Protein chains: 2
Amino acid sequence: MLQAASAVRGTVPPAVRPAGSSSLLLTENQQWIGGPPPLMDKLSPRERELVLKQGRRKVLNRGQTLFSQGGKHDGIWLIESGRIRVFYSSPLGREITLAYWHAGNFVGGPEVFEGTVHQWSGVASSNCSVVHLPGKELRSLAAEIPNLAIGLIEGLTFKGKCYSALAQMLGTRSITQRLAHLLLHLVELYGVEDADGRVIAAAFTHADIAHMVGATRQWVTISLKRMQEKGIVVTKRSQIVVCRTDVLDEMRGHASD
Amino acid sequence: MLQAASAVRGTVPPAVRPAGSSSLLLTENQQWIGGPPPLMDKLSPRERELVLKQGRRKVLNRGQTLFSQGGKHDGIWLIESGRIRVFYSSPLGREITLAYWHAGNFVGGPEVFEGTVHQWSGVASSNCSVVHLPGKELRSLAAEIPNLAIGLIEGLTFKGKCYSALAQMLGTRSITQRLAHLLLHLVELYGVEDADGRVIAAAFTHADIAHMVGATRQWVTISLKRMQEKGIVVTKRSQIVVCRTDVLDEMRGHASD
DNA sequence: CTTTTCCCGGCAACTAATCGACTGCGGTCA
DNA sequence: TGACCGCAGTCGATTAGTTGCCGGGAAAAG
């Protein structure tokens, strides 16, 4: 089984904004680029303590499963540190990842209290620390702390938009367009300046990217190569440097006008 | 402009269950096949009257637009009769329909009160009667009538599952699989017994179907023809008769095991 | 240090799906 | 009755995307 293949991959680089999610999220009308406001930010220190007291902290190694589709649903997990990948795997083995969720977000939707079964799976894509809030406790906490309830609703609405945007992208854009779109989003979230352009400072393998845009590993390789030939990106040692965001923006099936 | 090309298309045939939605909804773990329980069913006659009083009734002809993506969002529409098609249209003109919503459901999500802008468009796919509940009025009604609030949450959760399921289907299944899946769903909702098999009693054009599965009109024609050659379906005069649900079930990338 | 594992990369054959265009049918309307 | 229009159906050309395979290189594990 996986035992931390690379120290680099999986750690969130310093340049990264703390809260957010990397995926095919934003469509034309999407604001909230980095994700919803973190769930706990509006709470007073006392309230925060109250919530954490009710929850059960859990530490995960890279690769460990937090919940899996078809499993019984009970409550949510609040991410304290690390990165959780939420994805769906079809019976025939094809996979689509919804998003990589960062610290400050919660996972386990679309229902928050006691639901039926999970529609998605969640695994740690880096070493993580999470707090589990079971449905029953969460419900009473939400009744007690209005700001928590509001945070939950905001988070849920955002998740709804994620599903919605993902469906729209998958339904109306070609893989190449989706890839262009994703690269722009990754640059937005993880971009660090560099001599050649903007480096995507979080390491994703071609397979990771393939799962995000709904494609095969090989096709991502081919597409990236073509982009490199056109001078849009430079790939040096499994890192992607984006040189021409303008061309990418045009490629993705532009939103403007 | 469209002026009711056919009298048959657009009317909901008698065999149809009253509430529900036809789309690529159900995944393996999906229950609620026909949609959520209708929003108003749990209300007392008096409460129902109260709600209808606050709303503004609107009658739509087939083809008329109810709301469109990018437009300002304010409240929801309750469907009294007819069928509303909710879809997204990309800047380059490709379209994906989320669902056809029937009487008893509401449209205008994923937010219910005052939101930002619509992510989807809604047009009447038959003559419709709807009741508009603006965000402000809806909010106070929901505060006053607990059962209405619960209905809203149930409806929203269901919509979340729709987006989610649609994304999963689009991300992991081939068009052929999606088509098989859709046919099974349509039979489930609109199926009427017949000498050859089960007739899908609601008329959808090939273009309609293409938008539901995210494909081109031509490809739907070809796929249906291939299915006919294999004896899975029979198409007689723009109506589809499904003979072998078992084969379709196997084609769609089966859930069982 | 060696072995193993993972990941990039390329290649070839193949199928799925798109695009544009044209035909013919049937229904509707003037 | 004739003109029109939306829709099913078909064709050929082209592209997008898959599947399976093999090789090399870098990094982790032993």
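None of these values were measured; they are calculated from a predicted model. FYI, side chains are in, hydrogens and waters are out, and symmetry mates aren't considered; it's all heavy atoms of this structure. Letters A, B, ... mirror the listed sequences (proteins, then strands); counts begin at 1.
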Report task. Tell me whether the OP1 or OP2 atom of D:dG9 has a side-chain N or O from B:H206 closer than 4.0 Å. Result -> yes
Integer-rounded Å distance: [N] [atom2] and [X] [atom1]:
{"X": "A:D208", "N": "C:dC7", "atom1": "CG", "atom2": "P", "result": "8 Å"}
{"X": "A:R62", "N": "D:dA27", "atom1": "CZ", "atom2": "C1'", "result": "13 Å"}
{"X": "A:L179", "N": "D:dG17", "atom1": "CG", "atom2": "P", "result": "10 Å"}
{"X": "A:M227", "N": "C:dC8", "atom1": "CE", "atom2": "P", "result": "16 Å"}
{"X": "B:Q177", "N": "D:dG17", "atom1": "CD", "atom2": "C1'", "result": "15 Å"}
{"X": "B:I209", "N": "D:dG9", "atom1": "CD1", "atom2": "P", "result": "11 Å"}

**Report entry** Ring center gap for A:F106 and A:W101 short of 6.0 angstrom
**Finding:** no
Closest heavy-atom contact between [X] and [Y]?
{"X": "A:I96", "Y": "A:M212", "answer": "CD1-O, 4.0 Å"}
{"X": "B:L183", "Y": "B:M227", "answer": "CD1-SD, 3.8 Å"}
{"X": "A:Q119", "Y": "A:Y88", "answer": "O-CD1, 3.8 Å"}

Query raised in the report: Does the side chain of B:W120 come under 3.5 Å of the side chain of B:S68 through a donor N or O and an acceptor N or O?
Result: no
Query raised in the report: When you check the side-chain N and O atoms of B:R83 and B:S125, is any donor under 3.5 Å from an acceptor?
Result: yes
Report task. Indicate for each nucleotide in nucleotides 14-21 of chain C, in 5' to 3' sequence, whether protein heavy atoms under 4.0 Å reach the base (B), only the sugar-phosphate (S), or nothing (-). Result -> --SBBSBB
